[in-house]
Amino acid sequence: MPEGPSIIIAKEKMAEFIGYKVIAAAGNAKIDMPRLEDKKLLDIKTWGKHLLLCFEGFTIRVHFLLFGTYRINETKEALLRLGLTFSNGEINIYTAAVKVLEGDINSHYNWSADVMHPQWNEKAAIEKLTDKPDMMICDALLEQDIFSGVGNIIKNEVLYRVYVHPESRTGNIPEKKLKEIADQARKYSFDFLKWKNEGTLKKHWLAHTKKNCSRCDLPMYKEYTGTKKRRSFFCTNCQELY
DNA sequence: AGTCATGTTGACGA
DNA sequence: CTCGTCAACATGAC
């Protein structure tokens, strides 16, 4: 569920409620529920893995973490975290972190850090990488302040696409390669979105969960790399360690 | 049936 | 103060 592209899909599915007022708000989220009633949903935005339901003067931030799910116009057998009823239907959210952000949403987010946002700034991301030369690229790709929206699947697929070993230190990676990584972080996210919408995402994985390299057929390494210790799938024959 | 995972935060101790 | 480690959250795929 939770990488950036999946949140874009959630936004698109919930867009039908924009312009409608909340009739009822329910669930065990620790927010001021009565405050939501009779408020019009003005817009839905995303910043990386954050889903942002914008109201006048405040925004509900939803983060699905690892297990979060949602249903549109239906419910499921689980504890309801946040349910919003509109005159034209309802949104039900489960197992998510829900928080209210006060004031102008633009004051809370730097949109240029979001790899899928129109304002994505690749140059700024590369500068952040060169500022942290000792960081492993597997950790850097998961840094939401640098590559907002990138998750572990995208990390593995991007590094495989650009032939870079996940344990490479950013300071050792040539500038041209860093640009390729940043470029592919965005490109792969949009491929992910397309394939997820088609229901063919897993079919298109070349590295993530793979036993053998799709290029040279040697066994893939599966290791928990970097300070974040997240699963990395890589081919030491095809991916260079810088 | 048990293990593990597309994620993040906060507590605690060194 | 900063770093590393761990628990917590709680569901679904294999």
Side-chain angles (χ1 to χ4, degrees), chain A residues 1-13 27-31 46-52 60-72 74-83 92-101 108-110 113-116 131-132 134-161 166-167 184-211 220-234:
Chain A
M1 169 71 238
E3 296 194 38
S6 300
I7 308 306
I8 301 266
I9 292 170
K11 174 178 81 169
E12 289 167 354
K13 289 191 171 160
N28 68 353
K30 289 180 178 49
I31 60 170
T46 67
W47 182 82
K49 301 164 189 170
H50 298 202
L51 177 69
L52 304 166
I60 301 177
R61 186 190 77 186
V62 179
H63 197 305
F64 291 102
L65 300 172
L66 207 46
F67 309 126
T69 52
Y70 64 91
R71 293 288 187 274
I72 309 283
E74 45 184 64
T75 57
K76 70 170 213 173
E77 287 297 314
L79 200 54
L80 182 65
R81 177 60 44 83
L82 178 64
N92 292 305
I93 290 166
Y94 307 88
T95 327
V98 175
K99 192 182 173 183
V100 173
L101 303 178
H108 292 271
Y109 289 99
N110 172 12
D114 181 343
V115 298
M116 300 191 75
D131 283 347
K132 299 179 191 298
D134 296 334
M135 189 181 272
M136 286 184 183
I137 193 62
C138 59
D139 284 328
L141 273 166
L142 293 173
E143 271 302 323
Q144 299 301 295
D145 292 337
I146 305 178
F147 295 105
S148 170
V150 171
N152 208 37
I153 297 171
I154 296 174
K155 175 199 82 178
N156 282 322
E157 293 296 318
V158 165
L159 291 174
Y160 186 78
R161 276 188 173 192
E167 289 175 309
Q184 286 299 329
R186 179 174 171 86
K187 282 216 176 75
Y188 186 82
S189 293
F190 281 98
D191 285 342
F192 183 125
L193 174 62
K194 183 181 69 187
W195 292 328
K196 183 90 178 176
N197 272 323
E198 292 173 358
T200 62
L201 179 64
K202 286 187 185 181
K203 201 180 78 185
H204 283 91
W205 287 347
L206 296 178
H208 195 72
T209 73
K210 291 297 175 181
K211 292 267 190 285
M220 293 287 278
Y221 283 74
K222 173 193 164 187
E223 283 174 18
Y224 294 81
T225 61
T227 59
K228 296 194 192 311
K229 293 184 168 48
R230 300 293 301 279
R231 281 203 300 182
S232 287
F233 294 87
F234 55 99

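Note that the structure is predicted; figures quoted are calculated from it, not measured. Every chain is numbered from 1 and lettered A, B, ... according to where its sequence line falls, protein lines coming before strand lines.
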Expressed as a whole number of angstroms, how long is the span from W205(A):CH2 to dC14(C):P?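 So the CH2-P distance, W205(A) to dC14(C), works out to 9 Å.
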Distance check needed: dT8(B) C1' versus H50(A) NE2, whole Å only.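 The distance from NE2 of H50(A) to C1' of dT8(B) comes to 9 Å, rounded to the nearest Å.
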Sugar-phosphate, base or nothing in reach of K76(A), heavy atoms under 4.0 Å: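 Touches sugar-phosphate only.
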Touch class at under 4.0 angstrom, heavy-atom based, for K228(A) against every strand present: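 The answer is nothing, as K228(A) stays clear of every strand by at least 4.0 Å.
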When you check the phosphate oxygens OP1 and OP2 of [N], does a side-chain N or O of [X] lie under 4.0 Å from one of them?
X: K49(A); N: dT8(B); result: yes
X: R231(A); N: dA5(B); result: yes
X: H208(A); N: dT6(B); result: yes
X: K202(A); N: dC14(C); result: yes
X: Y70(A); N: dT11(C); result: no

Which word best sums up how the rings of F234(A) and Y221(A) line up, parallel for under 30°, tilted for 30 to 60°, or perpendicular for over 60°?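 The rings of F234(A) and Y221(A) lie parallel, inter-plane angle below 30°.
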According to the interplanar angle, ranging from 0 to 90°, do the rings of W47(A) and Y109(A) count as parallel (below 30°), tilted (30 to 60°) or perpendicular (above 60°)?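 Ring orientation, 0 to 90° scale: tilted.
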Could you tell me the Watson-Crick or G-U partner of dG4(C), where both distances fall under 3.5 Å? Say none if there is no partner. dC12(B)
So what's dT6(B) paired with, Watson-Crick or G-U wobble, going by both distances under 3.5 Å? none
When the C1' atoms of dC9(C) and dA1(B) are compared, how many Å lie between them, rounded to an integer? 22 Å
dG4(C) and dT6(B), which share atom name C1', separated by this distance in whole Å: 24 Å
